[in-house]
**Student:** 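Following this message is one structure expressed as structure tokens.
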Amino acid sequence: MGEGTIFDKWEAAGRRAMQRDEAWRARWAAIERAARWPLLSGAAVAGLALGVLAGWPWWPWAIGVGLLAVLALAGVRQRLGPAYMTATALLAVDAALLSYVNPWWWGLLAGIGALGFAAVAGTWLGWWQHRRTHVLAAAVAGLALLATSAVVLAVHAAQAAEVERQQQAQAHEQAVARILPRTPASMVNFLAERITRPTPEAVADACFVFSPDAQRQLADAQGGGDCAGAIRALAARVTDPSGYVNRLWLPGQATQPGPASTLTVDACALDFGGLAGVPGPDPGPQLGHLTLTQQHGEGHRITAYRPC
């Protein structure tokens, strides 16, 4: 048989081209059908996740609703279908929300997307048989992006938590500094009032104005094993609670400036008779030598203690 005329060859070539076009259209239609709902679901889930991370700003969602209305009016729904039209609006929302979050979240979402593409292409689209290299490349890239982004985000979260902890600690220290006694005389009066009524709350208040080092020094000097025991030991030596509080006077020369912006207070020179003009024995113990250090420009804390 002959090979046919040139017209026969052209006709055969035309049929092969049509078959290729039909095969491509069928393959593309299969891809569209397979990717429609995964794309829509992924865009919706990403939008919800990004909304949580971004604190739910309203304007990206307003843009999405507006874009959806424009696409509907432009007839995109008839050409692409409602799923692809909605997915397009959601992807616009996702892009706007990404501007609010750490860029490494982009890498995390891209890794999830690459893994999702590898799963869809390898199963639904049947690429595992003929395009295994492409599927594996997408899976490896997705895993690398996912792992790297997760590690970096975890490090950033730990750093942010540490910064927040430091800020909270500083705020706590500043709040404490505001309630500490502000002058040597007020510190001495504060201690005297707590010593004369050594309830658990009063003892805790008295120990509160001592730093940990000063608490140990007080406990070693006064006995009792710890700061609370030392305060109770001082309280046991009070013979006249009312006189100890009301007649107490700290002479001005008992306070001297010390090194590094501290004050040294000689609370071994407490006067219980000069202010009221009433002579007699001391109604309670002398407190000791105190070193006061101002806290954050506010009140003072006892940072060192030495007995009389």
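Everything numeric here is computed off the predicted structure, so don't read it as measured data.
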**Student:** For the residue pair Gln286 and Arg237, confirm or rule out a side-chain donor-acceptor distance under 3.5 Å.
**Tutor:** no
**Student:** Under a 3.5 Å threshold, yes or no: a donor from one side chain and an acceptor from the other, between Gln166 and Glu162?
**Tutor:** yes
**Student:** With the 4.5 Å side-chain cut-off for hydrophobic clustering, are Ile112 and Val52 part of the same group?
**Tutor:** yes
**Student:** What closest approach, in Å, do Ala43 and Leu91 show between heavy atoms, and which atom pair accounts for it?
**Tutor:** CB-CD2, 4.0 Å
**Student:** Quick check: do Phe272 and Leu248 have side-chain heavy atoms less than 4.5 Å from each other?
**Tutor:** yes
**Student:** If you group Ile, Leu, Val, Met, Phe, Trp and Tyr by side-chain heavy-atom gaps below 4.5 Å, do Ile179 and Val209 land in one group?
**Tutor:** yes
**Student:** Within the side chain of Gln294, is there an N or O that forms a donor-acceptor pair under 3.5 Å with the backbone of Glu298?
**Tutor:** yes
**Student:** Could you give all pairs that pass the disulfide bond (SG atoms under 2.5 Å apart) test and reach residues 57-118, with sequence neighbours left out?
**Tutor:** none
**Student:** Can you spot which of Thr183, Leu263, Thr262 makes a side chain to side chain contact (heavy atoms under 4.5 Å, CB included) with His300?
**Tutor:** Leu263
**Student:** Let me know which of Val238, Thr196, Asp240 forms a side chain to side chain contact (heavy atoms under 4.5 Å, CB included) with Val245.
**Tutor:** Thr196
**Student:** As an exercise, state the distance from CD of Gln215 to CD1 of Ile302, rounded to the nearest 0.5 Å.
**Tutor:** 10.0 Å
**Student:** Let me confirm one number: the CG-CG distance from Asp266 to Leu250, rounded to the nearest 0.5 Å.
**Tutor:** 8.5 Å
**Student:** Any side-chain heavy atom of Asp220 sitting closer than 4.5 Å to one from Tyr305?
**Tutor:** no
**Student:** Can you find a heavy atom in the side chain of Ile231 that is under 4.5 Å from one in the side chain of Leu218?
**Tutor:** yes
**Student:** Which heavy atom of Pro60 sits nearest to which heavy atom of Pro57, and what is that distance?
**Tutor:** CD-O, 3.5 Å
**Student:** Quick one: do Leu143 and Leu153 end up in the same hydrophobic cluster if we chain Ile, Leu, Val, Met, Phe, Trp and Tyr together by side-chain heavy atoms under 4.5 Å apart?
**Tutor:** yes
**Student:** Looking at residues at least two apart in the chain, or sitting in another chain, which of them share a salt bridge (Lys or Arg N to Asp or Glu O under 4.0 Å) with Glu201?
**Tutor:** none
**Student:** Nearest 0.5 Å, please: how far is CG in Leu292 from OG1 in Thr303?
**Tutor:** 7.0 Å
**Student:** Just checking, any donor-acceptor pair under 3.5 angstrom between side chains of Glu173 and His296?
**Tutor:** yes
**Student:** Tell me whether Gln295 contacts the main-chain N or O of Thr293 through its side chain, where contact means a donor paired with an acceptor under 3.5 Å.
**Tutor:** yes
**Student:** Nearest heavy-atom pair of Ala138 and Ala114: which atoms, and what distance?
**Tutor:** O-CB, 3.6 Å
**Student:** Any cation-pi pair here, Arg216 with Phe210, using under 6.0 Å and within 45°?
**Tutor:** no
**Student:** Kindly indicate whether the side chain of Ile63, heavy atoms from C-beta on, has any atom under 4.5 Å from the side chain of Val93.
**Tutor:** no
**Student:** How long is the gap from CG on Leu97 to CH2 on Trp56, to the nearest 0.5 Å?
**Tutor:** 8.0 Å
**Student:** Looking only at heavy atoms, which two atoms of Ala139 and Ala118 are closest? And how far apart?
**Tutor:** N-CB, 3.8 Å
**Student:** Looking at every non-hydrogen atom in both residues, tell me the closest pair between Ala150 and Leu108 and how far apart they are.
**Tutor:** N-CD1, 4.2 Å
**Student:** Provide the full list of disulfide bond (SG atoms under 2.5 Å apart) pairs with a residue in residues 192-247, sequence neighbours left out, each pair given once.
**Tutor:** Cys207-Cys227
**Student:** Can you name the nearest heavy-atom pair linking Trp61 to Gly47, along with the distance?
**Tutor:** CZ2-O, 3.6 Å
**Student:** Are the side chain of Asp271 and the backbone N or O of Trp249 linked by a donor-acceptor pair below 3.5 Å?
**Tutor:** no
**Student:** Do Val265 and His289 have side chains that get closer than 4.5 Å, going by heavy atoms?
**Tutor:** no
**Student:** Would you give the length of the straight line joining atom CG of Leu287 to atom CD1 of Ile195, rounded to the nearest 0.5 angstrom?
**Tutor:** 5.0 Å
**Student:** State plainly whether one hydrophobic cluster holds both Leu90 and Leu48, where clusters connect Ile, Leu, Val, Met, Phe, Trp and Tyr through side-chain heavy atoms under 4.5 angstrom apart.
**Tutor:** yes
**Student:** Please round to the nearest 0.5 Å and tell me the distance separating atom CZ of Arg301 and atom CG of Leu290.
**Tutor:** 14.0 Å
**Student:** Please assess His156 against Val152 for the test side chain to side chain contact (heavy atoms under 4.5 Å, CB included), listing each intermediate value before the final yes or no.
**Tutor:** CA-CA 6 Å; His156 287 179; Val152 174; 3.6 Å; yes
**Student:** How far apart are the C-alpha atoms of Val176 and Phe208, what are their side-chain angles, what is the distance that settles it, and do they pass the side chain to side chain contact (heavy atoms under 4.5 Å, CB included) test?
**Tutor:** CA-CA 10 Å; Val176 168; Phe208 179 74; 3.4 Å; yes
**Student:** With a 3.5 Å cut-off and no angle check, do the side chains of Tyr244 and Glu193 form a donor-acceptor pair?
**Tutor:** no
**Student:** Counting only heavy atoms not in Trp58, do more than 12 fall under 6.0 Å of its CH2?
**Tutor:** no
**Student:** Are Arg194 and Phe190 in a cation-pi contact, defined as NZ or CZ under 6.0 Å from the six-membered ring centre and within 45° of the axis?
**Tutor:** yes
